[in-house]
Amino acid sequence: MTRYLPRYVSALFGLIMAIGTLCAMSLPFRFHTGVLLDLRYTFLAIAGLFGGPVAAISPFVAAIVWRVTSGGTGSWVAIPLIVMATASGLIAQRYIRGIPDGKAIVVVALAVVFSGTAGFFVMVPLESWHVVMPTVVAPFALLLFVSAVVSSLALSLELKRQEATNLNRIYRAIIEALPDCLNAKDLEGRFIAANPATADLMGATRSADLIGKTDFDFYQPEAAAIFRADEAKVLSEGHPATIEQRFTRSDGTDAWLSTLKAPFTDDDGAVIGLITHNREITDRKRLENELSRTQQHLNNALDSMADGLAMFDAEGRQVFSNSRYAEMFPLTADIRVAGTSLRTILRTAIERGEDMPFAGKIDDVIDQAADVFLLSGDNQIRLADGRWIEARTRAMEDGGSLVVFSDITLAKRAEAELRTLNERLEIMAHTDGLTGLLNRRSFDVHLASHVSRMAVGTPGPGLLMIDVDKFKAFNDTYGHPAGDACLKTVSDCIAASMKDYPDSVVARYGGEEIAVIIPGCGADQAASVANFLCAQVRRLEIVHKGSEKGIVTVSIGTAAAGCGGACETKILLRSADEALYAAKAAGRDCVRSVDPDAFLPSISSDGKRSA
């Protein structure tokens, strides 16, 4: 039995997985190559991962029996893979504490992929790998991975939902049984749980009336604001605190509470809310000066704020500020005091070099800036020392303005760094890591774009498919590092040679193949460029003992779309590829061309030549 499923539930889960396994094996799907495949390995691994041995036995036995009774030459390979898939789920379940997380799910999904594809490496002849791997193994591996991840995530979410439901039921029973006021709030101060004693204290009919509401819905705004400030302090410090709180009841009478506030966290240790235990101490606190203490709490809250706070009256004169406000503007801190007009503050900041210099008349700039500051809205200011300040202005009922100043320098830097990183990632996503050329993905996009923009009466793009001759022999002779260096040198040579064609596209097509797209290029010009590239590579004189040429050479196949405006991408690619094979068959180190029009009647809808 697993840590989070009862034994009978695991057995039922295993039965469902067994049915799914049999359905998958009885309804295989066919790839276009004729290979029959199914998703049995996903069911086997998930059964072990979520249900343990009790759940894993049913689908395991069902898969073994089905495979043995169905016969076939691949049973000796399929049975170990069935064992492997089941074992991967059981091993992962053995070391997981609780519900599987994303990392465990990915690991099991990779194990499913290996179980589902390992048979190809045993059953498929080595000379057929270059065909089977990209057309069968890779798509099937992706399908196995996605099915395992999606299924596991769905089960994990359901288990977490059930676990949360049970915990909530237990917590509610405890809360309602306590005689003292006990409640829980989220990070925004909204009640998420409360016992009947809390409802009585706040004047609510029942505890359910508190859910989703805040102190502002039951107390005067001043008292609710103090409560919220105390909660924010406890949340920021991260440890329990006992505080005394004053509030006004719904009937207008004053009261005091001795309150214990304690943050609570999720499984990862992140604070997600606050538990509050209240005990009324109104009689003891009634003799104290309530107004003085309320003012002191307010002052302390304002002085402990991380942001600067300033208040201006309807004429733009500063009437209040906290200490953080002065700290944020050290060059003008002496004039940022009550009674100083905002225009004077702005003028002094410019004169003392605290603000960035402005173009235009200083009086016009100051008037415009003052109007912006005193109107509701958010503004970002860059100071001369490089810091960024965000000013959030809110209008008050008396016509004045409340402005909160936040230092957002780190956020702006992070934003700039993220923008730079995204630009780099965009470049990397379209660039081949070894050669520095565009990658296959980018090549496909460029070729499709050029073909789609062909106009009737104008030559379409010319395509050159370039292959380094006997590159495998080069790797076998000199080693793969030398082969990489050779391929990089040849790529650089071709890229440099194509600079006279500014709109051309040079990309690594795959392996030692390089593709070149030349917009508006006819067949003769494509062949001419190809011969030029062959000559340029020969001039590199890279020694190649594995070639009869003695040096590294390339074979090039060319194809150019005609002026009919009806050529398709797959036809152009097939034509250039046929031409490349013709060049290699002609002895390599040469150029051959194929007219794409020759393929128009013989290319089927799936891109293969008809018989």
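The CG atom of L144 sits 11.0 Å away from the CG atom of L110 when rounded to the nearest 0.5 Å. For the atom pair CD1 of I381 and CG of D355, the computed distance is 7.0 Å after rounding to the nearest 0.5 Å. Atom OG of S504 and atom CD1 of I494 lie 11.5 Å apart (nearest 0.5 Å). Remark: F145 CZ to L143 CG distance equals 12.0 Å, nearest 0.5 Å. Rounded to the nearest 0.5 angstrom, R539 CZ and S497 OG are separated by 9.0 Å. Atoms CE and OG, from M17 and S151 in turn, are 7.5 Å apart once rounded to the nearest 0.5 Å.
Partners of E512 by salt bridge (charged side-chain N to carboxylate O under 4.0 Å, His left out), not counting sequence neighbours: none found. Residues passing the side chain to side chain contact (heavy atoms under 4.5 Å, CB included) test with A585: none are found, sequence neighbours excluded. Residues passing the salt bridge (charged side-chain N to carboxylate O under 4.0 Å, His left out) test with D484, sequence neighbours excluded: none. Checked against ring-ring contact (aromatic ring centres under 6.0 Å, His included), Y509 has the following partners two or more places apart in sequence or in another chain: F443.
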Checklist entry - Can you check side chain to side chain contact (heavy atoms under 4.5 Å, CB included) on I542 and F474, steps first, answer last? => result CA-CA 10 Å; I542 302 174; F474 190 95; 4.2 Å; yes
Checklist entry - Do M25 and R67 pass the side chain to side chain contact (heavy atoms under 4.5 Å, CB included) test, and can you show the C-alpha distance, the side-chain angles, and the key distance before you say yes or no? => result CA-CA 8 Å; M25 297 179 71; R67 191 64 188 87; 4.2 Å; yes
Item to check | Residues S376, T393; criterion side chain to side chain donor-acceptor pair (under 3.5 Å); working and verdict | outcome: CA-CA 5 Å; S376 294; T393 304; over 6 Å; no
Checklist entry - side chain to side chain contact (heavy atoms under 4.5 Å, CB included) between V552 and L540: does it pass, once the steps are laid out? => result CA-CA 8 Å; V552 171; L540 296 175; over 6 Å; no
Next on the checklist: Under the criterion side chain to side chain donor-acceptor pair (under 3.5 Å), I'd like the reasoning laid out for S406 against R392: C-alpha separation, chi angles, the key distance, then a yes or no.
Outcome noted: CA-CA 8 Å; S406 303; R392 302 187 298 278; 2.8 Å; yes
Item to check | Check against side chain to side chain contact (heavy atoms under 4.5 Å, CB included), M328 and D307 | outcome: CA-CA 9 Å; M328 296 177 70; D307 296 330; 5.7 Å; no
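If you check the side chains of D432 and T435, you find a donor sitting under 3.5 Å from an acceptor.
For residues 461-474, every residue pair satisfying the side-chain hydrogen bond (donor to acceptor under 3.5 Å, both in side chains) rule, not counting sequence neighbours, is listed here: D467-K584, D469-T553, D469-S555, K470-E548, K472-D476. Among residues at least two apart or in separate chains, salt bridge (Lys or Arg N to Asp or Glu O under 4.0 Å) pairs with a member in residues 486-506 are K488-D492.
Side-chain contact check for Y478 versus V543: some heavy-atom pair is nearer than 4.5 Å. Side-chain contact between F405 and E390 is absent, with no heavy atoms from C-beta onward closer than 4.5 Å. In this structure the side chain of Y501 reaches within 4.5 angstrom of the side chain of Q525, judged on heavy atoms. Residues M465 and E513 form a side-chain contact, since some pair of their non-hydrogen atoms from C-beta on lies under 4.5 Å apart. Using a 4.5 Å heavy-atom threshold, the side chains of V529 and I518 count as touching. The shortest distance between side-chain heavy atoms of I350 and I366 falls below 4.5 Å. The shortest distance between side-chain heavy atoms of T21 and W66 does not fall below 4.5 Å. Using a 4.5 Å heavy-atom threshold, the side chains of L438 and V506 count as separate.
Contact detail for L81 and S115: the closest heavy-atom pair is CD1-O, 3.2 Å. Annotation for L44 and P59: closest pair CD2-O, 3.4 Å, computed over non-hydrogen atoms. Nearest heavy atom pair, residue R40 against residue A24, reads N-CB, 4.1 Å. Across every non-hydrogen atom of L49 and Q93, the tightest pair is O-CG, 3.2 Å. Listed here is the closest heavy atom pair of S152 and F50: O-CZ, 3.3 Å. Annotation for A448 and T569: closest pair CA-OG1, 3.9 Å, computed over non-hydrogen atoms.
Comment: K160 does not engage E158 in a salt bridge, judged by the lack of any side-chain N to carboxylate O separation of less than 4.0 angstrom. Classification of E417 and R413 as a salt-bridged pair fails, no side-chain N sitting under 4.0 Å from a carboxylate O. Salt bridge present: D385 and R387 bring a charged side-chain N and a carboxylate O closer than 4.0 Å.
When each of I571, I517, L572 is paired with V451, the side-chain contact (heavy atoms from CB on, under 4.5 Å) condition holds for L572 and for no other. Among T558, L463, V594, L580, the one residue that satisfies the side-chain contact (heavy atoms from CB on, under 4.5 Å) test with S575 is V594.
With a 6.0 Å radius and a threshold of 12 heavy atoms from other residues, nucleotides or ligands, Q368 has its CD atom at or below the threshold. No more than 12 heavy-atom neighbours from other residues, nucleotides or ligands sit within 6.0 angstrom of CZ on F114. Heavy atoms of other residues, nucleotides or ligands lying less than 6.0 angstrom from OH of Y581 number 12 at most. Within a 6.0 Å radius of CG in D267, other residues, nucleotides and ligands contribute 12 heavy atoms or fewer.
Under the 3.5 Å distance criterion, the side-chain polar atoms of R538 are left unmatched by any main-chain donor or acceptor of E541. Here the side chain of S547 pairs no donor or acceptor atom with the backbone of H544 at under 3.5 angstrom. In this structure a side-chain-to-backbone donor-acceptor pair under 3.5 Å is missing from D577 to L573. Put simply, the side chain of S452 gets close to the backbone of S449: a donor and an acceptor are under 3.5 Å apart. A side-chain donor-acceptor contact under 3.5 Å links T477 to the backbone of A473. S88 places a side-chain N or O within 3.5 Å of a backbone atom of A85 that can act as its donor or acceptor partner. Side-chain N or O atoms of R592 include none that pairs as donor or acceptor with a backbone N or O of A582 at under 3.5 Å.
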